[in-house]
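Structure first, then comments.
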Amino acid sequence: MIAAFSALSARRRGAVGLGAATLVSGLVTAGVMAGAGTAGAEETARSESGATATIGGLKTYGAAVIHGEPGDQQVSAGLFEMSVEGGGTLQTYCVDMHNPTQKDARYHETAWDGTSLGANKDAGRIRWILQNSYPQVNDLAALAQKAGVRGALTEQDAAAGTQVAIWRYSDDADVDAVDPQAERLADYLEKNARDLPEPRASLTLSPAAVSGRPGERLGPVTVGTNARGVTVSPPADAATSGVRIVDRTGRAVTSARDGSQLFFEVPKDAPAGTAQLTVQASTTVPVGRAFASEGRSQTQILAGSSASTVSAAASATWGESGALTALSAEKNCAEGGVDLTAVNEGDEPYTFELAGTKHTVAAGETLTVTLPLPEDQGYDFTVQGPGGFEQRFTGMLDCRTQGPQGGATTQTLTEPSPATVAGPTSPTNLAATGSSSATPFIAGTAIALVVIGGAALLIVRRRQTPPRD
């Protein structure tokens, strides 16, 4: 059933934290009303925190057998390789075995809460497996001895055994490795896995959008990174706009480190506008970081990283008077949707329209609207405000690991049909499991969503914005 999205329920909370939400890479957008009755900025500022990479395919793998209602199915299991934009290589395992992997799909480093791992109580055990097996442990003789493997353990066996152990926790799968050595390793890893915390992001800027008045230092924007240092790039039009990136004392900043606070210093006579800063570094991405795709391509988890380019961006908006609002969007897998947050640091209320419903953010307050969205389907919606303001948000929600009805349909990137245990001996590549990608839903003045089994729920949260520095 296709229905227009409507607000059926609302509740208010004080000092609401968004711990369950994670930044949607490439989705966070600053939307501004520089003053009452003026048009909002149409430019979209994208924030892709951490590493962005393109998946190549399985590089080191063996065979595994998935046991399910449709029968036993033989598939490939092992390490994927991804190429990082700007330089670097990543090795990953799959944590979403029933969804497809699209060749050359683009991925972004993502917090666990933005993937199925956020609701998986065993996500920490998967990280333990990654840290205690191949390729983090590349002494295969020592790994074999520890796991009680009889005979030599090849790279292919190690990769297959590790992937099988991960699937047992990530997908609650009944799966075995075909090779006895790989199966022994999988059993050892599954039995000994312990809960570990989620690793921190390689590079973030928080918050991704700030606002204020000309003549002020807008921020702070805090750097979070495991790199020794990052390069800070000012707005592209800094020479003409006069906007500088500075520290708390007003000193111009060109480099920063973990915990550094950055500010946009806007000239007092600057007309209403927007600016964006970017930071970049070269570092190894922490093992256990999740990678989610821009489309319907199975979620990956990091097993190894070379020195790789990571980056993040943040935007600022300013105006003389009236409402002054920055919009951002985050995936919220706990609620099964996307959180749209509007921060109003102006001196007048700000009203925007979403799906035919108007929402008002009081001066100095923050409003968060959670949009429930269908799983594994693209979304495309527009926020509208006074004076012709429009801001568009697009993406895809991929929060659950579940096979299609009737069981998994597994196929390779190059072959049209799956291989079973009783069939051809060549294993099937889980790099393409599931069906074709869905057509995105389009929304302008309204949002059309697929609502299954009941009506959608709109959750509205308000919190007071802390005083500006």
Side-chain angles (χ1 to χ4, degrees), residues 55-81 91-103 105 116 126 129-130 133-135 140 143-144 147-191 193 296-301 303 401-436:
I55 196 164
L58 278 171
K59 296 299 182 182
T60 307
Y61 58 93
V65 177
I66 301 172
H67 309 288
E69 292 182 4
D72 290 346
Q73 195 167 35
Q74 183 170 310
V75 298
S76 293
L79 274 172
F80 289 85
E81 188 171 287
Q91 293 175 300
T92 61
Y93 288 105
C94 159
V95 289
D96 190 5
M97 65 185 296
H98 292 292
N99 278 326
T101 290
Q102 306 296 338
K103 187 172 176 59
S116 60
I126 297 172
I129 292 171
L130 293 166
S133 191
Y134 181 76
L140 296 184
L143 182 60
V149 173
R150 297 176 182 177
L153 186 66
T154 66
E155 291 182 344
Q156 290 75 21
D157 293 338
T162 305
Q163 178 66 91
V164 166
I166 289 171
W167 278 336
R168 291 173 182 174
Y169 282 121
S170 67
D171 294 75
D172 194 25
D174 184 2
V175 57
D176 298 313
V178 171
D179 186 273
Q181 284 90 339
E183 175 63 13
R184 180 67 65 90
L185 175 62
D187 289 343
Y188 160 77
L189 295 171
E190 179 188 16
K191 179 180 178 181
R296 191 179 179 215
S297 189
Q298 61 188 191
T299 304
Q300 304 284 311
I301 192 165
T401 57
Q402 60 181 22
Q405 292 184 355
T409 55
T410 309
Q411 62 186 44
T412 66
L413 287 170
T414 57
E415 299 179 24
S417 60
T420 63
V421 173
T425 57
S426 59
T428 302
N429 186 349
L430 261 189
T433 58
S435 60
S436 61

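- Taken to the nearest 0.5 Å, the CG atom of D157 stands 11.5 Å off from the OG1 atom of T60.
- For E183, the side chain to side chain donor-acceptor pair (under 3.5 Å) partners two or more places apart in sequence, or in a different chain, are R168.
- Here the options are D171, L189, L130, the test is side chain to side chain contact (heavy atoms under 4.5 Å, CB included), and the partner is I166; only L130 passes.
- In this structure, Q91 CD and E81 CD are separated by 6.5 Å, a value rounded to the nearest 0.5 Å.
- The line from CD1 of I129 to CD of E190 is 7.5 Å long, rounded to the nearest 0.5 Å.
- Judged by distance alone, with hydrogens and angles left aside, the side-chain atoms of R184 form a donor-acceptor pair with the main-chain N or O of G148 at under 3.5 Å.
- Residues that satisfy the side chain to side chain contact (heavy atoms under 4.5 Å, CB included) test with A144, not counting sequence neighbours, are V149, L153.
- Applying the salt bridge (charged side-chain N to carboxylate O under 4.0 Å, His left out) rule to D179 yields no partners; only residues at least two apart in sequence or on another chain are considered.
- Closest heavy-atom contact between A64 and W167: CB-CZ3, 4.3 Å.
- In this structure, Y169 and A193 approach most closely via the heavy-atom pair CE1-CB, 4.0 Å.
- With hydrogens and angles ignored, the 3.5 Å screen pairs a side-chain donor or acceptor of Q298 with a backbone N or O of N99.
- Looking only at distances, no side-chain donor or acceptor of Q163 sits under 3.5 Å from a matching main-chain atom of Y93.
- Side-chain atoms of D176 and H67 form a donor-acceptor pair, as typed in the model, at a separation below 3.5 Å.
- Of all the heavy atoms in Y134 and L143, the pair that sits closest is N-CD2, 4.1 Å.
- Proximity of a side-chain donor or acceptor of S297 to a complementary backbone N or O of Q102 within less than 3.5 Å is detected.
- Note that OG1 of T162 is 11.0 Å distant from OH of Y188, once rounded to the nearest 0.5 Å.
- The line from OG1 of T92 to CD1 of I301 is 9.5 Å long, rounded to the nearest 0.5 Å.
- Residues V164 and A186 share a closest heavy-atom pair of CG1-CB, 3.8 Å.
- Inter-residue side-chain proximity for C94 and T101 is flagged as unmet; no heavy-atom pair is nearer than 4.5 Å.
- Contact annotation: the side chain of T154 never approaches that of L140 to less than 4.5 Å [non-hydrogen atoms, C-beta and beyond].
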